[in-house]
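The block underneath contains the structure these notes are about, expressed in structure tokens.
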Amino acid sequence: MKIFCLLLCLLLSSMANAESTLACQTGGDDPDPCIYFNDDVIFLSNGENAQLSLRGKIHDLKLISEIQKIKQQAHANLIGDVLVRTYANPEISARITEEIIDTDCYSLSKEGDYKSTESCCGGNTTASIEITRKNTREEYQTEYGWGF
């Protein structure tokens, strides 16, 4: 009976580990929603909820705060715009800062405001993440491209 219980526990454990992966899309036509800071730190957010893969362990997080710093014009994602979001659960918190460093989605009009190019476009963003746990704080940075 003990062997059966041990085998059952091992099976359930392996099934739980198999399900605890992020919904990243590394191939195909759809853009990848994950931000890769390195092989051990991957972040996925849908706005209100997020998942952080830290050294293989998945942490489910809830949005605590969001601050948008707009440099030039509202309702446009322009160079210099910054989005700072903080997510947390009782064990861990993550503050992610994203800044647009390049985009071809908008062009400057004669009136001095930015107009959407209304076509496929893309850009580049720098991202940094600060991860805080009880006695540790870690920080990582990366740059990623995006498009639609």
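- Note that NZ of Lys110 is 12.5 Å distant from NZ of Lys115, once rounded to the nearest 0.5 Å.
- Ile79 and Tyr114 are members of different hydrophobic clusters when ILVMFWY side chains are connected at heavy-atom separations under 4.5 Å.
- There is no path of hydrophobic side-chain contacts, each under 4.5 Å, that joins Phe37 to Val84.
- In this structure the side chain of Ile96 reaches within 4.5 angstrom of the side chain of Ile35, judged on heavy atoms.
- Across every non-hydrogen atom of Asn89 and Asp60, the tightest pair is ND2-O, 3.1 Å.
- Across all non-hydrogen atoms, the minimal contact from Cys34 to Ile42 is CB-CG2, 3.9 Å.
- Surrounding CZ of Arg137 are at most 12 heavy atoms belonging to other residues, nucleotides or ligands under 6.0 Å away.
- In this structure, the side chains of Ile92 and Lys57 stay at 4.5 Å or more apart for every pair of heavy atoms.
- Cluster annotation: Ile129 is not connected to Leu83 through the hydrophobic network of ILVMFWY side chains, with a link wherever side-chain heavy atoms come within less than 4.5 Å.
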**OP:** Take Tyr140 and Asp40 through the test side chain to side chain contact (heavy atoms under 4.5 Å, CB included) and record every step on the way to the result.
**Re:** CA-CA 10 Å; Tyr140 302 93; Asp40 291 330; over 6 Å; no
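- Here the closest non-hydrogen pair linking Ser107 and Thr117 is N-CG2, 4.3 Å.
- Cluster annotation: Leu78 is not connected to Val82 through the hydrophobic network of ILVMFWY side chains, with a link wherever side-chain heavy atoms come within less than 4.5 Å.
- The heavy-atom pair separating Tyr87 from Ile64 by the smallest distance is C-CG1, 4.2 Å.
- Between Glu143 and the choices Asp102, Thr126, Thr125, the side-chain contact (heavy atoms from CB on, under 4.5 Å) rule is met once, by Thr126.
- Only one option out of Glu130, Glu48, Glu98 pairs with Arg85 in a salt bridge (Lys or Arg N to Asp or Glu O under 4.0 Å); it is Glu98.
- Nearest heavy-atom pair, Ala127 versus Tyr144, reported as atom, atom and distance to 0.1 Å: CB-CE2, 4.0 Å.
- Nearest heavy atoms, Gly122 versus Asp104: N-OD1, 2.7 Å.
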Subject >> Criterion side chain to side chain contact (heavy atoms under 4.5 Å, CB included) on Leu54 and Glu138, from CA distance to verdict >> reply: CA-CA 11 Å; Leu54 183 61; Glu138 304 171 62; 4.2 Å; yes
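- The CZ atom of Arg95 sits 12.0 Å away from the CD1 atom of Ile131 when rounded to the nearest 0.5 Å.
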Original post:
Hey, mind stepping through Lys62 and Asn49 against side chain to side chain contact (heavy atoms under 4.5 Å, CB included) and telling me if it holds?
Top reply: CA-CA 5 Å; Lys62 297 282 184 195; Asn49 300 303; 2.9 Å; yes
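- Annotation: the span from Arg133 atom CZ to Ser93 atom OG amounts to 10.5 Å, rounded to 0.5 Å.
- In terms of hydrophobic clustering, with Ile, Leu, Val, Met, Phe, Trp and Tyr side chains grouped at heavy-atom distances under 4.5 Å, Ile101 and Trp146 are assigned to different clusters.
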**OP:** Decide side chain to side chain contact (heavy atoms under 4.5 Å, CB included) for Leu22 and Leu52; before the verdict, give the C-alpha distance in whole Å, the side-chain angles of both, and the deciding distance to 0.1 Å.
**Re:** CA-CA 8 Å; Leu22 297 181; Leu52 172 66; over 6 Å; no
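- Counting heavy-atom neighbours within 6.0 Å of Asp39 CG, excluding the residue itself, gives a total of 12 or less.
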